[in-house]
A.B. asks: 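Below you will find the structure I want to go over with you.
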Amino acid sequence: MRWDDGQRVTFDATDQDWTATRRLPQALIIGVKKGGTRALLEFLRLHPDVRAAGSEPHFFDRHYSRGLDWYMSLMPKALEGQIVMEKTPRYFVSADSPARVHAMSHEVKLIVVVRDPITRAISDYAQIASKTPGVASFESLCLQNGSGVGGMEVNSQWSPLWIGLYARHLERWLAYFPLAQVHVVHGERLVSDPAGEMARVQDFLGLERIVTDKHFYFNQTKGFPCLKKPEGSSQPHCLGLTKGRAHPQVREEVIRSLRDFYRPHNLRFYKLVGQDFGWQ
Ligand code: A3P
């Protein structure tokens with residue numbers, strides 16, 4: 001084994017190139033926050049041909065001025081034939097990200113995990129509440145005085161609701177990338193049928209279907225699929241406590257207002273991607 005220039009580790013082998021190098025990613029999980037992005041990345045990591053950055057680089061939204069060399073330094077070394085990827089869910093809603101990603105590569109594959117925007121918003125709120133003691137209720141943040149029923153209307157500017165306007169965000173990406181380069185993962189199905197969703201993701205990435213139902217079991221306590229043997233371990237593993245939080249109860253009439261609010265946006269999204277997610 002040899003090291004050179006801090007970028008490469010070389011295994012001396014006779015008939016194969018075992019040189020692992022750092023490369024820019026060929027695939028990105030661009031969103032959506034609270035959609036199930038960590039689960040998807042952990043599941044993809046089981047694949048021997050995937051190498052993924054551990055934490056969220058936030059390069060295209062926050063750290064773009066640091067340059068591509070900095071970004072590349074965050075990537076794990078990969079062998080030829082392996083796919084390098086990272087996930088930063090903020091990219092999906094960041095105005096600058098599509099053009100910047102496109103400037104890095106016209107060919108990069110983009111993955112978005114989506115989930116019913118109402119459940120997603122409640123999940124987002126549960127995360128905010130866990131970090132901000134005394135935060136106002138979900139209901140009071142999502143409704144504001146206005147011309148709606150009972151003098152209230154949905155506050156579409158509130159970030160947990162705004163992020164769920166999937167069609168609006170996706171359209172910005174489609175100005176730079178063809179739909180064929182975007183794979184939309186069904187967040188609810190990632191929970192109910194992780195192997196099925198993973199088969200589609202592996203096909204999209206041009207990977208052999210190696211991550212299958214053999215890798216998952218449903219953990220009753222967690223209430224989610226967990227891994228029988230995660231990368232680098234022989235022990236079963238579930239995602240941590242920040243994934244699968246308890247959600248606050250939201251009154252039915254508030255949910256109804258949110259359904260009415262999201263309906264046209266959801267329909268537009270289904271049309272854009274050619275798939276009905278059945279959220280209303
Ligand atoms: P909740 O905490 O609201 O249940 P992200 O990783 O993008 O932040 O998404 C978090 C969400 O991933 C969780 O939201 C959970 O519903 C979902 N999820 C999907 N598959 C999961 C799994 N196998 N284990 C835990 N959470 C999972």
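Start at 1 with the first residue, then count along the sequence.
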A.B. asks: For K87, which residues count as a side chain to side chain donor-acceptor pair (under 3.5 Å) partner, sequence neighbours excluded?
C.D. replies: T37, E56
A.B. asks: Once salt bridge (charged side-chain N to carboxylate O under 4.0 Å, His left out) is applied, do any residues pair with R23, and if so which ones, sequence neighbours excluded?
C.D. replies: none
A.B. asks: With the side chain counted from C-beta on, respond yes when L165 and Y262 share a heavy-atom pair under 4.5 Å apart, and no when they do not.
C.D. replies: yes
A.B. asks: Which pairs, with at least one residue in residues 26-46 and sequence neighbours excluded, count as a ring-ring contact (aromatic ring centres under 6.0 Å, His included)?
C.D. replies: F43-F216
A.B. asks: Could you list the residues that satisfy salt bridge (charged side-chain N to carboxylate O under 4.0 Å, His left out) with D276, not counting sequence neighbours?
C.D. replies: none
A.B. asks: For R256, what residues pass the salt bridge (charged side-chain N to carboxylate O under 4.0 Å, His left out) criterion, not counting sequence neighbours?
C.D. replies: none
A.B. asks: Once disulfide bond (SG atoms under 2.5 Å apart) is applied, what residue pairs with a partner in residues 173-219 remain, sequence neighbours excluded?
C.D. replies: none
A.B. asks: What side-chain donor-acceptor pairs closer than 3.5 Å can you find for residues 104-112, not counting sequence neighbours?
C.D. replies:
| residue | atom | partner | partner atom | Å |
| --- | --- | --- | --- | --- |
| S105 | OG | E107 | N | 2.9 |
| S105 | OG | V108 | N | 3.0 |
| K109 | NZ | F204 | O | 2.9 |

A.B. asks: Tell me the ring-ring contact (aromatic ring centres under 6.0 Å, His included) pairs involving residues 119-138, sequence neighbours left out?
C.D. replies: Y125-F138, F138-W158
A.B. asks: Could you work out the complete set of other residues in the hydrophobic cluster of V191, with links drawn between I, L, V, M, F, W and Y side chains under 4.5 Å apart?
C.D. replies: F224
A.B. asks: Taking only residues two or more places apart in sequence or in another chain, which ones pass side chain to side chain contact (heavy atoms under 4.5 Å, CB included) with R189?
C.D. replies: H186, S192, E197, R200, Q275
A.B. asks: In chain order, what residues pass the salt bridge (charged side-chain N to carboxylate O under 4.0 Å, His left out) check against R100, with sequence neighbours excluded?
C.D. replies: D96
A.B. asks: Clusters formed by hydrophobic residues whose side-chain heavy atoms approach within less than 4.5 Å: which one holds F218, and what are its other members?
C.D. replies: none
